[in-house]
Number of protein chains: 2
Amino acid sequence: MAGAIADVAALAGVSKATASRALSGKGYVSPETRQRVVQAASTIGYVASPNAASLVTGHTKNVGVVIPYIGRWFFGQILEGIEQQLLARGYDMTLYTLEPFSPARDRVFDFFLARKRFDGVIAVNIQPAGDELERLHRLGIPLVGIGGPLEGIPTIAIDDERVAALATEHLIRLGHQRIAHIGGSLAEQLDFSVHGERLAGYRAALADAGLSEADQFVPTQLSMPGGYDAAVQLLSDPTNRPTAIFAASDEVAIGTIIAARRMGIAVPTDLSVIGIDGHDYAELFSLTTVEQHPREQGVIAADMILAGIDGETAEPGVRDLPTRLVMRSSTGRPAGA
Amino acid sequence: MAGAIADVAALAGVSKATASRALSGKGYVSPETRQRVVQAASTIGYVASPNAASLVTGHTKNVGVVIPYIGRWFFGQILEGIEQQLLARGYDMTLYTLEPFSPARDRVFDFFLARKRFDGVIAVNIQPAGDELERLHRLGIPLVGIGGPLEGIPTIAIDDERVAALATEHLIRLGHQRIAHIGGSLAEQLDFSVHGERLAGYRAALADAGLSEADQFVPTQLSMPGGYDAAVQLLSDPTNRPTAIFAASDEVAIGTIIAARRMGIAVPTDLSVIGIDGHDYAELFSLTTVEQHPREQGVIAADMILAGIDGETAEPGVRDLPTRLVMRSSTGRPAGA
DNA sequence: GTGAAAGCGCTAACAG
DNA sequence: CTGTTAGCGCTTTCAC
């Protein structure tokens, strides 16, 4: 209906080959001829079929993205970054959600990703199980990861342990001695070792300050309700209550703050809270946080995959992105300090 | 590398055609032959190239989704629903974010969508400007909308006016007389007439109760910070304060509650709040809301597009989905009632 | 600079 | 039930 390149060629009075060259810009075509072809294409409303082109060139102008969730703020930000960058370069983004222990995983790896439909694949917070990593490599296309080390694959991430230590040290520096950590359950490490690394950073900071006995870790889901529940549990005993909480994500921190206030505990007067992420809503809650700019990570990942497609070979290994401590009123000195 | 169907055919000792039939399940193949072909395919690690198949069949097994934002809860839910359903049926989902007044719109319509890469397109809360609607129809493939009427396109939605009236009536029934509405700005109707319809429903309910003079509408962004800001503005004058607020979305409602509590106004004792959406976090804030199940809307939209691809012609027009009022403690009787 | 021809990998007639 | 043939729409040698 929209017309094939043969129609354009006919209308312009040239061969298909010339039309192709004129439209793609590859190969020699005289300016006048090109002009005529372009003209013909536009009057006919011609749009090239990428399928046909892919068949011969081997390039699909399509990047696959594998991600554990779409609906969560953090992942949504990453996706927006990737998509924006891909679109600007004329690439499509095809999305697969791959929940941690979903049975659909196999199908995604064996069927969807294996079909030579992509020029590259971005794996967001995917901890490959079993031979999934090998299957990724077998695709024979550029691969980029976000969120943790993937053997043989260039990955962008933040240094979770350092960031956690940074946040904890901030609380210590304010004079807190009883600092609890609400973080992701180690059993549910959907992504990489993130949860464990943040816990490790927290513990390292405590140890450095000689506060190891004060170690108090409550695992929960990384969401506002998760933070709420954990905080209720943690703060319900008035005699044995921490003065500060390091939450593994801003959502958790916000849930914590909500719970605390509902329990009559003032933030930051009676309880200091610090989170990680730089969530859109952090400001609303005056939340001190370590920003990690997920959207920017998406943009960078897209750039890297595009470079890989263009033939630039990137070094495998983790590239740690800078983070920034943004102080707001949710951390304060402990009472009496 | 992974091998073409010719290799499979050779290994199985049959022709390409037979191999194709055996693997696709279309056409007659003897059980033994099929067995041999399947065997050969699996030893060789064969995966069909969808591009080549598309070229001849005209089907791409790929659905395009156009949506204004990815990172917002509501849209994320819709996407999860669509993706899950598409994946189960062996379809890919290619995603385009199309912000309301973005210059990228043209490229998406003229280039990305026009390339015969999709068997169908789902348009989520896209109010087509100018000839965008015509361009959609020109694609000549099944179209499904979510969120508002799209001429000539089957659309799933909720009855925004009714839902708004429902929420408002609930507050009226509790005895409130001074009911304000925090909703989307009419100027920024990114999606359809949603904002206006919810406002209309609110006003209709007030009018029915003879409360028209009490009409108080504050436009804002449909987010927690938006709700917060609007609430601060609305509640700052203690002498002239509404006893109830109908928020156009749960995020707005939550922002409102946060602001109210921070201003020392107890919810629901001093202020009743009701929202719309059925947000994951509504329960955390004990928020009364009208659930509209965006995830389910995504599933249904995917089903409809799949049916359309299978040749079933759906009636254009809006299909209103049921909603449900979920009462929690965020609405209460006005003081003294 | 341009055209003719081959072929990417697959499926769809059509014979047999 | 299976093989042969043709061709989807495009890009790309290779001649001219």
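Convention: sequence-line order gives letters A, B, ...; per-chain numbering from 1. Not measured: the values here are computed from a predicted model.
For the pair B:Thr33 and D:dC1, the criterion of a side-chain N or O lying under 4.0 Å from OP1 or OP2 is not met.
With sequence neighbours excluded, the residues that form a salt bridge (charged side-chain N to carboxylate O under 4.0 Å, His left out) with B:Arg295 are B:Glu80. By the side-chain hydrogen bond (donor to acceptor under 3.5 Å, both in side chains) test, B:Ser30 is found to be paired with B:Thr33, residues two or more places apart in sequence or in another chain being considered. Scored by the side chain to side chain contact (heavy atoms under 4.5 Å, CB included) test, A:Gln35 finds no partners at all (sequence neighbours excluded). For B:Arg89, the side-chain hydrogen bond (donor to acceptor under 3.5 Å, both in side chains) partners two or more places apart in sequence, or in a different chain, are B:Asp310. Residues that satisfy the salt bridge (charged side-chain N to carboxylate O under 4.0 Å, His left out) test with B:Asp280, not counting sequence neighbours, are absent from this structure. Scanning for salt bridge (charged side-chain N to carboxylate O under 4.0 Å, His left out) contacts around B:Arg36 gives an empty result, with sequence neighbours left out. A:Gln85 pairs by the side-chain hydrogen bond (donor to acceptor under 3.5 Å, both in side chains) definition with A:Asp303, not counting sequence neighbours. Evaluation of the salt bridge (charged side-chain N to carboxylate O under 4.0 Å, His left out) rule for B:Asp92 yields A:Arg115, A:Arg117 as partners, not counting sequence neighbours. Partners of A:Glu83 under the side-chain hydrogen bond (donor to acceptor under 3.5 Å, both in side chains) rule, at least two apart in sequence or in another chain, are B:Thr97.
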Taking protein heavy atoms under 4.0 Å as touching, what does nucleotides 6-16 of chain D look like 5' to 3' if B marks base contact, S marks sugar-phosphate-only contact and - marks none? -BBBBBB----
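Bounding nucleotides for the chain A contact on DNA chain C, 5' to 3', at a heavy-atom distance below 4.0 Å, are C:dG1 to C:dG9.
The two residues B:Arg21 and B:Lys26 make their nearest non-hydrogen contact at CG-O, 3.2 Å.
If you check every strand for non-hydrogen atoms under 4.0 Å, A:Ser54 touches nothing.
Taking a pair as Watson-Crick or G-U with both hydrogen-bonding distances under 3.5 Å, the stems of three or more pairs touching DNA chain D are C:1-11 with D:6-16, C:13-16 with D:1-4.
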